[in-house]
Structure formats: C-alpha cells, structure tokens
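Note sheet for the following structure.
One-based numbering along the sequence shown. What's counted below: heavy atoms across the whole structure, side chains too, no hydrogens, waters or symmetry copies.
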Amino acid sequence: MNNTTELDTERIVYVTEDGVPTGETAPKLAAHHENTRLHLAFSCYLLRRGDQALLISSRAATKKVWPRVWTNSVCGHPAPGEPIEEAVRRRAAFELGLPRLDGLRCVLPAYRYRTPPFEGVVENEFCPVFVAWVDDDPKPHPDEVGDWRWVSWNDYARLLNDDVANVSYWAKDQFSQLKDLEPFSALQNGTSVRDNGV
C-alpha cells in the first residue's frame, strides 16, 4: 500500500468529552478543518536512555495540520478498534523509524485540548500522553518529520517559552501538566531516571 492510499484511507475515531468512542469515524485528512470535531489521539515523549535527552521533532512542511512546527517526539491517531498503546508504537515506527519503545506508559490519561486556528485548521483532541525510552537516533519518514533533535528537559522548557520559536500549541499546553509528573519532574531537577521496563 503506498503512502497516498494510506493517507486517503486512514480514519479517526470521534469521542465524547470523556474520551469514549461514539461509534463514528471519519477520513483523517478530510476531518481536520476549521470545525474539527473532538476525536481520539495521543502524544508521546521519547527519552534517550543514555542521558535522558528528549527527542523533539519538526513537523514536515507538507503536513495539513500544524506544518513546520516543533513539537514533542511523536503524535498520532489510533485507528478504529486499535488499542492506543499499539497506535503509539505504530506511529513511532512509521514516523521516526523507532519500532522499539521501552517502558511505554501513559502519564496523562485524560488530556484534552482544542487549538486556535492554524493555517485554517483547528485541532480538537482527547489525547492521552505517553512517555517511553529509546536507545537509537530516529530515522524519520520525510513526509512526517522535517527535522529532529535531542534536547535536555530544561532546554525544552526554554524552547517552549521562546516567543520566536515555532512550537505546537499542544506541546506548550501539555508542559504545564507534565512538568510536575515523573519522570519529567526528576529531569527538571537534574535527577537521573530509568524506565520501568529496565
């Protein structure tokens, strides 16, 4: 199956305010516009095991939603009937070339946000947030990721507060809730952390 066909057939899952699927789905690209309905998604933060650096990525210029912005490691949408943890692993493999995620766990199970319009598109998601550990550098898919880098948690915090930097709405919004949770609170204090799977 080629990429165009995958994009054309990928579907998102509409949910209630509590994240419960309504039974309705829609084509992913067509469903994102100025009146995007609430749907299921995820965000994931990948930490490098050796030094706990955070992988951040810049969304490809060809992306319909929030192109060319820096954000957390990987985001995506579970397919209808797909467990969300499997969706995280699928998208990390597809977008970043990182099929192995160690210690994957959900840190914000009920995160929900709605963005202001960006280039005519509003994002509106019930979006559990995950963290996991990796050993390798990414090998990103060029249609998904325009650039990437490893940064310390404190450098990431500075990036989010830089008025000139082009950073996603959800990355900034999630930070206020993540900074006081493990493992991020330890990273902020310079404490070494380990994933649960090692």
Would Leu104 and Trp133 count as a side-chain contact (heavy atoms from CB on, under 4.5 Å) here? Give the steps. CA-CA 7 Å; Leu104 178 66; Trp133 280 256; over 6 Å; no
Can you list everything that forms a salt bridge (charged side-chain N to carboxylate O under 4.0 Å, His left out) with Asp147? Sequence neighbours excluded, please. none
Trp170 side chain near Cys127 side chain, heavy-atom distance below 4.5 Å: no
Calculate, to the nearest 0.5 Å, the distance between atoms CD and OG1 belonging to Glu10 and Thr25 respectively. 11.5 Å
Begin with the C-alpha distance, continue with both residues' side-chain angles, and end with the deciding distance and a verdict on side chain to side chain donor-acceptor pair (under 3.5 Å) for Tyr45 and Gln174. CA-CA 11 Å; Tyr45 291 73; Gln174 289 168 6; 2.6 Å; yes
Looking just at side-chain N and O atoms, do Gln177 and Tyr111 make a donor-acceptor pair shorter than 3.5 Å? no
Quick one: list whatever passes ring-ring contact (aromatic ring centres under 6.0 Å, His included) with Phe126, sequence neighbours left out. none
How many angstroms lie between atom CG of Asn72 and atom CG of Leu55, to the nearest 0.5 angstrom? 9.5 Å
Shortest non-hydrogen pair, Ala31 vs Ala26, comes out as CB-CB, 3.9 Å
Same apolar cluster (I L V M F W Y, side chains within < 4.5 Å links), Val151/Val145: no
Quick one: salt bridge (charged side-chain N to carboxylate O under 4.0 Å, His left out) partners of Glu95, sequence neighbours excluded? Arg91
Under a side-chain separation threshold of 4.5 Å, the hydrophobic residues clustered together with Ile12 are Tyr14
Please enumerate all residues that pass side chain to side chain donor-acceptor pair (under 3.5 Å) together with Trp150, with sequence neighbours excluded. Asp137
Short N-O contact, Arg68 and Glu119, less than 4.0 angstrom: yes
Check whether Val74 and Val69 end up in the same hydrophobic cluster, where Ile, Leu, Val, Met, Phe, Trp and Tyr are linked by side-chain heavy atoms less than 4.5 Å apart. no
The test is side-chain contact (heavy atoms from CB on, under 4.5 Å); show your working for Arg105 and Val131 and say whether it passes. CA-CA 6 Å; Arg105 63 185 174 93; Val131 65; 3.9 Å; yes
Determine, using the 4.5 Å side-chain heavy-atom cutoff (strictly less than), whether Leu54 and Phe130 are members of one ILVMFWY cluster. no
Separation of Arg49 CZ from Asp135 CG (nearest 0.5 Å): 4.0 Å
Taking every heavy atom of Val13 against every heavy atom of Pro78, the minimum-distance pair comes out as CG2-O, 3.9 Å
4.5 Å side-chain heavy-atom contact, Leu46 and Leu98: yes
Any side-chain heavy-atom pair from Phe42 and Cys106 closer than 4.5 angstrom? no
Any residue meeting side chain to side chain contact (heavy atoms under 4.5 Å, CB included) with Ser176, in chain and number order, not counting sequence neighbours: none
Got a salt bridge between Glu17 and Arg112, using NZ or NE/NH1/NH2 to carboxylate O under 4.0 Å? yes
Sequence-distant partners of Glu24, side chain to side chain donor-acceptor pair (under 3.5 Å), two or more places apart: Thr22, Arg37
Is Trp148 linked to Leu159 within one hydrophobic cluster, defined over Ile, Leu, Val, Met, Phe, Trp and Tyr using a side-chain heavy-atom separation of less than 4.5 Å? no
What I'd like to find out is whether the side chain of Glu85 reaches to under 4.5 Å of the side chain of Val88, using heavy atoms alone. no
Minimal heavy-atom distance between Pro109 and Pro128, with the atoms involved, is O-CG, 3.6 Å
With a 4.5 Å heavy-atom cut-off, do Arg11 and Lys28 have their side chains touching? no
Using side chain to side chain contact (heavy atoms under 4.5 Å, CB included) as the criterion, list what pairs up with Ala171, not counting sequence neighbours. Thr71, Tyr156, Leu160, Val167, Ser168
Do Tyr169 and Ile56 land in one hydrophobic cluster if side-chain heavy atoms of ILVMFWY residues count as linked below 4.5 Å? yes
Given side chain to side chain donor-acceptor pair (under 3.5 Å), test Glu182 with Ser185 step by step and report yes or no. CA-CA 5 Å; Glu182 291 295 340; Ser185 59; 3.0 Å; yes
Heavy-atom check, side chain of Val129 versus side chain of Cys44, under 4.5 Å: no
Excluding sequence neighbours, so at least two apart, what forms side chain to side chain donor-acceptor pair (under 3.5 Å) with Asp51? Arg48
With a cut-off of under 6.0 Å to the ring centre and 45° to the axis, is Arg149 in cation-pi contact with Trp70? yes
Qualifying side chain to side chain donor-acceptor pair (under 3.5 Å) pairs with a residue from residues 53-63, counting only residues at least two apart or across chains: Lys63-Glu144
Go through Phe175 and Trp153 one step at a time and tell me if the ring pair (Phe, Tyr, Trp, His ring centres under 6.0 Å) criterion holds. CA-CA 10 Å; Phe175 181 80; Trp153 184 253; 5.4 Å; yes
Looking at CG of Leu108 and CG of Leu181, how far apart are the two atoms once the value is rounded to the nearest 0.5 Å? 5.5 Å
Can you sort out the partners of Pro117 under side chain to side chain contact (heavy atoms under 4.5 Å, CB included), two or more places apart, ordered by chain and number? Val122
Verdict with supporting geometry, Glu123 and His39, side chain to side chain donor-acceptor pair (under 3.5 Å): CA-CA 9 Å; Glu123 189 58 279; His39 58 277; 3.2 Å; yes
Does a side-chain heavy-atom distance below 4.5 Å link Gln188 with Asn154? yes
Once rounded to the nearest 0.5 Å, what's the spacing between atom OG1 of Thr36 and atom CG of Asn124? 7.0 Å
List for me each residue that meets side chain to side chain contact (heavy atoms under 4.5 Å, CB included) alongside Val121, sequence neighbours excluded, and say none if there are none. His32, Lys64, Val65
For a salt bridge (Lys or Arg N to Asp or Glu O under 4.0 Å) check, start with the C-alpha distance between Arg90 and Glu82, then their side-chain angles and the critical distance, and finish with the verdict. CA-CA 10 Å; Arg90 173 176 57 82; Glu82 180 182 31; 2.8 Å; yes
Test item: Asp162 side-chain N/O and Val164 main-chain N/O as donor-acceptor pair under 3.5 Å: yes
Within the 4.5 Å heavy-atom criterion, are Leu40 and Val15 side-chain neighbours or not? yes
